[in-house]
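Starting from 1, each residue takes its place in the sequence as its number. The structure presented is a predicted model; accordingly, all values stated were derived computationally and were not measured.
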Amino acid sequence: MIELRAPLSGKVWKLECKQGDQVQQDDPVVILEAMKMETELFAPAAGVVQEIRVKEGDAVEEDAVLLVIA
């Protein structure tokens, strides 16, 4: 299992995947907004999105686990 963690504090602007989705490495999966800038996060590995621990609009701290890929 691989955890995708927030590289910075911000707000979850958009989820580009849902639980059960098959993703490839470097597929866009989450967009964070911080200081009016959007940061697109990509899947660190290929697999299935096993768990999404945030929802759109959630505030997250740096290093928070956003989703888990198996």
Side-chain angles (χ1 to χ4, degrees):
M1 292 187 347
I2 298 167
E3 296 177 335
L4 177 66
R5 294 179 176 267
L8 53 109
S9 297
K11 185 171 84 172
V12 177
W13 187 71
K14 187 172 183 184
L15 293 171
E16 300 277 355
C17 63
K18 59 187 183 299
Q19 190 170 332
D21 281 359
Q22 178 78 37
V23 295
Q24 298 301 317
Q25 185 170 355
D26 297 327
D27 281 355
V29 289
V30 179
I31 300 174
L32 291 182
E33 179 186 46
M35 300 186 299
K36 299 186 182 189
M37 291 180 53
E38 294 172 11
T39 302
E40 195 167 28
L41 305 181
F42 302 94
V48 175
V49 178
Q50 184 174 5
E51 182 180 356
I52 297 177
R53 296 188 182 177
V54 295
K55 61 185 182 300
E56 291 179 4
D58 282 358
V60 295
E61 295 297 320
E62 183 177 351
D63 207 37
V65 176
L66 304 177
L67 56 87
V68 177
I69 297 173

Inset, instruction - May I have the step-by-step check of side chain to side chain contact (heavy atoms under 4.5 Å, CB included) for L15 and V54, ending in yes or no? - result: CA-CA 9 Å; L15 293 171; V54 295; 4.2 Å; yes

Legend entry - Contact summary for Q19 and I52, nearest pair of heavy atoms: N-CD1, 3.5 Å

Legend entry - K18/V49 under side chain to side chain contact (heavy atoms under 4.5 Å, CB included): CA gap, chis, key distance, verdict: CA-CA 7 Å; K18 59 187 183 299; V49 178; over 6 Å; no

Mind listing the side-chain donor-acceptor pairs of residues 34-48 below 3.5 Å, one per line with the distance, residues two or more places apart or on another chain?
none

How many angstroms lie between atom [atom1] of [X] and atom [atom2] of [Y], to the nearest 0.5 angstrom?
{"X": "D27", "Y": "C17", "atom1": "CG", "atom2": "SG", "result": "9.0 Å"}
{"X": "R5", "Y": "D63", "atom1": "CZ", "atom2": "CG", "result": "4.5 Å"}
{"X": "E3", "Y": "E51", "atom1": "CD", "atom2": "CD", "result": "8.5 Å"}
{"X": "I69", "Y": "Q22", "atom1": "CD1", "atom2": "CD", "result": "9.5 Å"}
{"X": "R53", "Y": "L67", "atom1": "CZ", "atom2": "CG", "result": "9.5 Å"}

Inset, instruction - Spell out, as yes or no, whether a donor-acceptor pair under 3.5 Å connects the side chain of E61 to the backbone of S9. - result: no

Inset, instruction - Mark yes or no for whether E16, through its side chain, and I31, through its backbone, hold a donor-acceptor pair below 3.5 Å. - result: no

Inset, instruction - List the steps and the verdict of side chain to side chain contact (heavy atoms under 4.5 Å, CB included) for K55 and V12. - result: CA-CA 7 Å; K55 61 185 182 300; V12 177; over 6 Å; no

Inset, instruction - Determine whether D21 and V29 make a side-chain contact, defined as any pair of heavy atoms from C-beta on separated by less than 4.5 Å. - result: no

